[in-house]
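Below, chains carry the letters A, B, ... as their sequence lines are ordered, and counting in each starts from 1.
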Number of protein chains: 2
Amino acid sequence: MIKKVTIYDIAKVLNVTAATVSRALNNNKNISEATKKLVLETAEKMNYEPNKLALALKSGKSNNIGVIVPRINTNFFGSIIRGIEDELNPSGYHIIICQSHNDETKEINNIESLINSQVDAIFISTSSKHSEQFEKILKKNIPLIFFDRKKTMDGVSSVTIDDFAGGYMATKHLIDQGCRKIAHLASGDFKIEIFHDRHEGYKQALIDHGIDYREDYVIHTTSKIAEGKIAVAQLFELDEKPDAIFSSSDFLALGAIQELKARNIKIPEEVAVIGFANEPFTNFEELSISTIDQFPVEMGQMTARVFLEQMATSQNIKIDKKVVMEPKLIIRKSSKK
Amino acid sequence: MIKKVTIYDIAKVLNVTAATVSRALNNNKNISEATKKLVLETAEKMNYEPNKLALALKSGKSNNIGVIVPRINTNFFGSIIRGIEDELNPSGYHIIICQSHNDETKEINNIESLINSQVDAIFISTSSKHSEQFEKILKKNIPLIFFDRKKTMDGVSSVTIDDFAGGYMATKHLIDQGCRKIAHLASGDFKIEIFHDRHEGYKQALIDHGIDYREDYVIHTTSKIAEGKIAVAQLFELDEKPDAIFSSSDFLALGAIQELKARNIKIPEEVAVIGFANEPFTNFEELSISTIDQFPVEMGQMTARVFLEQMATSQNIKIDKKVVMEPKLIIRKSSKK
DNA sequence: CTGTTAGCGCCTTCAG
DNA sequence: CTGAAGGCGCTAACAG
């Protein structure tokens with residue numbers, strides 16, 4: 001094992017003390033230009049690298065941020081993490097990634113593990129139904145920020161889009177196209193706020209336009225192409241077939257479209273479809289699926305910025321900043337009559 | 001600031017010494033069941049959390065792995081990181097993510113920064129043309145493992161697919177379909193081994209089947225849909241139009257297909273197309289693009305496993321294990337006549 | 001079985 | 001301007 005060179009090693013070589021070396025390395029004023037230059041040069045020569053761990057232990061600041069997402073290999077979460085990394089990297093922070101796999105137990109383990117690692121903050125898109133684990137983070141005085149899938153908690157910042165508005169504008173768009181029998185495919189549990197809110201937006205848009213809300217038009221399922229097909233099959237068992245579908249997931253919307261095509265149902269004439277997330281594939285010419293943009297990269301950047309501001313202003317006081325970004329309706333062929 | 005509770009705090013409460021507490025917490029045999037139980041209970045009561053930083057400083061092992069990729073929000077790299085995380089998490093490691101943005105300077109900064117953070121290993125898919133920065137990692141005795149975009153270096157393990165074979169089998173497939181005028185869209189610099197190798201595989205397949213290699217059939221571009229369109233436009237300026245396209249990127253392939261369709265050229269009858277990577281969208285019914293699967297999740301898992309084995313066997317000796325995974329030809333409508 | 005001591009690498013008073 | 005000393009939280013000898 002090659003010993004790593006420390007400030008003591010370079011102190012010994014120069015017949016000075018480690019404190020002097022430390023001062024030279026840190027641009028401390030209490031040092032002569034001559035020795036400073038000397039130290040810097042030999043440090044370079046000896047291939048010295050500072051040990052952040054020692055610094056972290058001493059300062060209580062690791063410069064690491066823990067980020068927990070359901071899964072990293074999706075465009076949406078990948079983009080958020082990209083935004084976070086882009087924004088935080090210049091400030092010297094590193095991102096530690098954890099996946100919850102949509103499992104509350106794993107999420108709790110991740111949190112525990114990140115706390116032990118002394119991360120300076122935890123950013124999370126939660127899959128949890130409970131929130132004791134978050135109280136624990138706060139008790140340790142570790143800044144906690146929710147993004148996308150949040151829990152509403154005092155003293156905790158969050159960055160989300162207005163999912164209610166997203167659900168509302170998607171549904172209203174379908175109504176504007178002349179649709180009256182609008183089904184909703186929910187890609188997740190209503191205990192998770194985003195799915196709850198999108199559904200509420202859907203409902204409100206119906207009500208505001210004098211359309212009855214029908215429970216049998218709401219399908220609870222998961223964000224998979226295959227599930228979209230099944231959902232359509234289920235909807236078309238009904239006596240009154242829907243003339244539009246608002247899906248809270250683009251993948252689900254794609255599956256729905258495939259099933260509709262397989263049944264020779266014309267899109268958007270007979271059934272208009274709109275998804276949610278603006279996944280890159282929805283913009284492919286061959287697909288052209290209407291959707292709601294959530295601006296994931298920007299959401300990640302914003303999350304990071306909320307944290308940086310929080311650090312800059314008041315280290316100790318919990319800030320409770322709820323950033324709500326406006327989603328954007330993107331109309332494409334699948335719904336534009 | 002709420003002080004974090006340390007073993008000293010709980011030692012004080014119990015009127016024992018920190019060492020005793022440490023032993024209790026670490027299942028050391030030299031301790032009575034009684035005191036052990038007592039310590040564990042009060043630790044729980046006091047909301048104690050171990051400080052990994054202190055442990056890391058002491059042991060010289062941070063339990064963090066640095067992973068550098070060009071960009072995280074792509075299916076391919078996202079999937080690899082997912083594989084790495086899935087495999088390493090159970091062993092108590094955390095993944096620190098860095099993006100190089102395909103920029104050698106940023107990559108060097110990332111490496112420097114990860115070294116300072118005392119990561120236990122660096123996994124990288126490199127965008128660099130030089131390799132001094134990698135020598136530096138090795139000099140620090142930090143295990144280095146390349147995945148996908150590797151450099152061939154002694155004492156360094158790598159996990160890749162056989163890109164030559166991938167290029168070869170894609171091209172041979174097109175030949176088998178009766179194509180003779182096969183163009184190649186290269187999505188990256190040939191100084192990056194994967195693109196070099198795919199091109200070599202392409203070339204060799206042509207040679208082996210008595211087809212002349214033509215430089216004007218090789219387009220150097222980048223992995224973007226729009227570039228695929230431009231490339232097709234360029235190819236169709238030639239006197240002898242190609243009757244097939246092998247693209248080293250699925251996105252490029254998609255762009256090419258879109259441009260061919262726009263020109264009313266029949267796929268695959270007039271021009272057969274095959275991409276590379278098996279991006280999820282290539283499997284959509286509407287697209288159905290032939291491609292080469294690189295098994296990114298498995299590649300990530302394998303990378304992690306190579307590291308874990310290396311740790312298990314010999315901490316100090318550099319292992320030089322080159323894992324080459326077999327790519328898989330996936331035939332879909334874009335090339336099957 | 002438990003306490004004492006030293007040290008991981010660095011920074012920060014406090015003296016000189 | 002520089003040196004000496006202590007401590008961040010924890011573990012690992014070495015004593016007792």
From CG of A/Asn27 across to P of C/dC10 the rounded distance in Å is 16 Å
Proximity to the side chain of B/Arg23 - top-ranked nucleotide from C/dC1, D/dA13, C/dC10: D/dA13
Please answer whether the main-chain N or O of A/Val297 pairs with a side-chain N or O of A/Ser79 as donor and acceptor at a distance below 3.5 Å. no
Between D/dT11 and B/Ser22, is there an OP1 or OP2 to side-chain N/O distance shorter than 4.0 Å? yes
Gap between atoms CG and C1', on B/Leu14 and C/dC1 respectively (whole Å): 16 Å
Which is true for B/Ile31 with a 4.0 Å heavy-atom rule: it touches a base, it touches only sugar-phosphate, or it touches nothing? sugar-phosphate
For residues B/Tyr8 and B/Lys12, determine if any side-chain heavy atom of one lies less than 4.5 Å from a side-chain heavy atom of the other. no
Can you find a heavy atom in the side chain of A/Glu309 that is under 4.5 Å from one in the side chain of A/Lys321? yes
Gap between atoms CD and C1', on B/Gln118 and C/dC10 respectively (whole Å): 12 Å
Taking the side chain as everything from C-beta on, heavy atoms only, tell me whether B/Gln133 gets closer than 4.5 Å to B/Ser128. yes
Within the structure, does a side-chain N or O atom of B/Asn30 lie under 4.0 Å from either OP1 or OP2 of C/dT2? no
With a 4.0 Å cutoff (strictly under), does any side-chain N or O of B/Asn26 reach OP1 or OP2 of D/dT11? yes
Which nucleotide in the list D/dA4, D/dC10, C/dC10 gets nearest to the side chain of A/Ala19? D/dA4
A/Thr20, nearest nucleotide to its side chain (from D/dT2, D/dC10, C/dG3): D/dT2
What is the distance from NZ of B/Lys61 to C1' of D/dT11, rounded to the nearest Å? 15 Å
Distance only, no hydrogens: is a donor on one side chain within 3.5 Å (strictly under) of an acceptor on the other, for A/Asp86 and B/His101? yes
Of the nucleotides C/dT12, C/dC10, C/dT2, which has the atom closest to the A/Tyr8 side chain? C/dC10
Determine: side-chain N/O of A/Ser32 to OP1/OP2 of D/dT2, distance under 4.0 Å, yes or no. yes
Take the protein atom NZ of B/Lys29 and the nucleotide atom P of C/dT2, then report the distance between them rounded to whole Å. 15 Å
If only side-chain N and O atoms of A/Thr35 are considered, is one of them under 4.0 Å from the OP1 or OP2 phosphate oxygen of D/dT2? yes
Between CG of B/Asn51 and P of C/dG9 the distance, given in whole Å, is 17 Å
Atom CD1 of A/Ile7 and atom P of D/dA4 are separated, to the nearest Å, by 14 Å
By nearest-nucleotide position on DNA chain C, the 5'-leaning member of B/Ala18 and B/Ala54 is B/Ala18
Residue pair B/Lys58/B/Lys36 against DNA chain C: nearer the 5' end by closest nucleotide is B/Lys36
Pick the closest DNA chain D nucleotide for B/Asn28 and for B/Leu57 by heavy atoms, then say which residue is nearer the 5' end. B/Leu57
Is a salt bridge present between B/Asp148 and B/Lys150, judged by a nitrogen-to-oxygen distance below 4.0 Å? no
A/Leu53 CG to D/dT11 P, straight-line distance once rounded to whole Å: 14 Å
